[in-house]
Amino acid sequence: MALRAAVSANHQVGMGLAVKAFCSSFSSLPFSLPQSTTENPPPAESSTNLFVCGLNKRTTSEGLRNAFAKYGEVVHAKVVIDHASKVDSDHASKISKGFGFVKYATIQDAESGMKGMDGQYLDGWVIFVEYARPRAPFPQ
DNA sequence: ACTGAGCGG
């Protein structure tokens, strides 16, 4: 019974694409998506709302807007803050969760800013920009 | 406290 089954469990470098969830490096997938069944490729509903993730914990909304205002007019930029951080006193009681949202004036600006800031560095951390989900209290 | 995934009010 000298059968070598499972020669190598996992000998991959794992340095390529770690597609676990969002915040993927580039949207360019080396694999062909079997989405040829129906001709309806909705990669991401183009919206003025942009979801930015990978931000630094010290990055603030102004930093986001300042970084995204170079690619278009940012109507509103907001970084999600965690309310769990509460220090006795002093400031720095609230830090960002690491992601935020950027609202552009038009779709073209949003797309430009997304493709412009996607994969770039911000405060020493690589940020990723995607279209935010249609999460509006008022459905248009 | 902070760890790093994830879509806010």
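In this text the structure is predicted, and so the values were computed from the model without any measurement. Lettering of chains follows the sequences in order, A, B, ..., and the numbering in each one begins at 1.
Rounding to whole angstrom units, CD of residue A:E130 and C1' of B:dA5 are separated by 13 Å. Taking atom CZ on A:F128 and atom P on B:dA5, their separation rounds to 12 Å, with Å as the unit. The separation between A:K57 atom NZ and B:dG6 atom P is 13 Å, rounded to whole Å. With rounding to whole Å, A:R58 atom CZ is found 9 Å from B:dT3 atom P. Between the CZ atom of A:F51 and the P atom of B:dA5 there is a distance of 13 Å, rounded to whole Å. Straight-line distance from the OH atom of A:Y131 to the P atom of B:dC7: 19 Å, rounded to whole Å. Across the protein-nucleic acid pair, A:F99 atom CZ and B:dG8 atom P stand 6 Å apart, rounded to whole Å. Whole-Å rounding puts the A:N56 CG to B:dG6 P distance at 19 Å.
A donor-acceptor contact shorter than 3.5 Å is absent between the side chain of A:T48 and the backbone of A:I107. Using modelled atom types, no side-chain atom of A:Y131 and backbone atom of A:M114 make a donor-acceptor pair closer than 3.5 Å.
Contacts of A:L50 with the nucleic acid, taken as non-hydrogen atoms under 4.0 Å apart, are absent. Within the 4.0 angstrom heavy-atom criterion, no nucleotide atom of any strand lies near A:G100.
Of the options A:D123, A:L122, A:V126, a side-chain contact (heavy atoms from CB on, under 4.5 Å) to A:N56 is made by A:D123 and by none of the others.
With distances taken from any side-chain atom of A:K78 to the nucleotides B:dG9, B:dG4, B:dC7, the minimum falls on B:dG9. Relative to the side chain of A:W125, the nucleotides B:dG4, B:dG8, B:dG6 differ in distance, and B:dG4 lies closest. Checked against B:dG8, B:dG6, B:dG4, the side chain of A:H76 finds its nearest nucleotide in B:dG8.
Aromatic pair A:F51/A:F99: ring centres closer than 6.0 Å.
Where stacking is scored as ring centres under 5.5 Å apart with planes under 30°, A:F101 registers as stacked on the base of B:dG8.
Residues A:V80 and A:L55 each lie close to DNA chain B; by heavy-atom proximity, the contact nearer the 5' end of the strand is made by A:L55.
Residue-to-nucleotide contacts include a donor-acceptor pair under 3.5 Å from the side chain of A:N49 to the base of B:dG8.
The number of heavy atoms from other shown groups lying within 6.0 Å of CD (A:Q120) is above 12.
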